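One structure is given below, encoded as structure tokens.
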Amino acid sequence: DMKGWHEMVARILKKYDRKVTIAVTGKYVELKDAYISITEALKHAAVSNETEINIEWINSEELEAPGTDMDKVMQGVDGILVPGGFGNRGIEGKIMAVKYAREHKIPFFGICLGMQCAVIEFARDVCGMKDANSTEFVPNCQYPVIDLMPDQIDVEEKGGTMRLGIYPCKIKSDTLTSRAYKSELIYERHRHRYEVNNALRDKLVENGLILAGTSPDDRLVEISELPESLHPWFLGCQFHPELKSRPTNPHPLFKAFIGAALAEQKK
């Protein structure tokens with residue numbers, strides 16, 4: 001039975017009368033294949049929302065140049081996505097993109113390192129932790145909001161400290177995440193080492209950050225959001241949802257992100 005596939009192809013081939021522009025802000029943008037899963041997941045979500053999509057590739061390293069005009073860089077952008085990665089190159093540029101999305105109320109989606117950058121930016125500019133950072137980049141920072149878990153510290157081989165593969169995540173009710181998934185328990189694929197630091201979680205929550213998804217034992221933060229009273233759609237996830245998106249079954253977070261970007265166009 002190929003009915004579902006034929007319907008999907010028809011939707012892809014259709015010319016829609018609206019277009020959404022998404023800025024993907026990363027440090028590997030010269031090599032588009034580095035983000036091929038992100039690209040495809042965005043296309044799946046665009047088709048499911050019946051819209052054309054334009055992806056603007058923004059080099060996060062170039063944003064760090066003195067005098068960068070963020071208004072000019074982000075002109076005409078309907079949503080900002082900050083993807084994953086490793087290492088400190090271009091990190092401050094990613095944080096600049098997060099800050100712009102938060103302050104200008106542009107729908108934001110942070111994936112893996114993108115979520116960690118969002119937590120760092122929130123800690124710095126909302127919680128007053130001016131030196132907030134990840135110990136991956138600044139080992140001795142005053143506020144290590146992103147850090148290795150205690151049981152990882154003595155593991156020297158990099159592969160041994162990574163969370164790899166599929167893990168469960170418990171969803172908090174009445175959140176952007178719960179409305180997207182329509183489920184209390186989800187399973188997503190991971191590839192990372194560092195986590196939101198539990199020692200500073202309370203400070204983040206006190207200042208408004210919503211921990212919308214955690215490991216079932218509540219030990220690890222999987223999803224963070226801003227309340228809709230402060231921002232129309234601002235979400236970061238520690239896992240890689242793009243790896244589970246399919247043409248006939250777009251990932252719910254990507255669908256919700258594109259939907260939010262379209263909704264903001266109408267305002």
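Just so it is clear, the model here is predicted, and its values are computed rather than measured. Note: hydrogens, waters and symmetry copies are ignored here, and every other heavy atom, side chains too, is used.
- N88 and E136 are not linked by any side-chain donor-acceptor pair at a separation below 3.5 angstrom, with hydrogens and angles left out of the test.
- In this structure, the side chain of K32 does not engage the main chain of W57 through any donor-acceptor pair within 3.5 Å.
- Not a single donor-acceptor pair under 3.5 Å links the side chain of Q238 to the backbone N or O of M115.
- Sequence neighbours left out, the pairs with a member in residues 39-56 that pass salt bridge (Lys or Arg N to Asp or Glu O under 4.0 Å) are E40-K43.
- The main-chain N or O of S60 is never found under 3.5 Å from a side-chain atom of T25 such that the two would form a donor-acceptor pair.
- Taking the six-membered ring for Trp, F257 and W233 have ring centres closer than 6.0 Å.
- Of the possible donor and acceptor atoms, one in the side chain of T51 sits under 3.5 Å from a partner among the backbone N and O of R18.
- The number of heavy-atom neighbours closer than 6.0 Å to NZ of K255, taken from other residues, nucleotides and ligands shown, is 12 or below.
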Begin from the C-alpha positions of I53 and I258 and carry the test side-chain contact (heavy atoms from CB on, under 4.5 Å) through to its verdict.
CA-CA 9 Å; I53 186 168; I258 296 297; 4.1 Å; yes
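- For W5, the CH2 atom sits in a loose shell: 12 or fewer heavy atoms of surrounding residues, nucleotides or ligands are nearer than 6.0 Å.
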Show your reasoning for whether side-chain contact (heavy atoms from CB on, under 4.5 Å) applies to L235 and F108.
CA-CA 6 Å; L235 185 149; F108 168 81; over 6 Å; no
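- Taking the six-membered ring where the residue is Trp, H231 and F234 present perpendicular rings, their angle passing 60° and hence far from 30°.
- For Q75, the CD atom counts as loosely surrounded, since its 6.0 Å shell holds 12 or fewer non-hydrogen atoms of other residues, nucleotides or ligands.
- Proximity of a side-chain donor or acceptor of N197 to a complementary backbone N or O of D147 within less than 3.5 Å is not detected.
- More than 12 heavy-atom neighbours from other residues, nucleotides or ligands sit within 6.0 angstrom of CZ on R124.
- Salt bridge present: R179 and D174 bring a charged side-chain N and a carboxylate O closer than 4.0 Å.
- Judged by distance alone, with hydrogens and angles left aside, the side-chain atoms of S215 form a donor-acceptor pair with the main-chain N or O of R219 at under 3.5 Å.
- Between the side chains of E121 and Y100, not a single donor N or O lies within less than 3.5 Å of an accepting N or O.
- A donor-acceptor pair under 3.5 Å is absent between the side-chain atoms of T214 and the main chain of V221, judged by distance alone.
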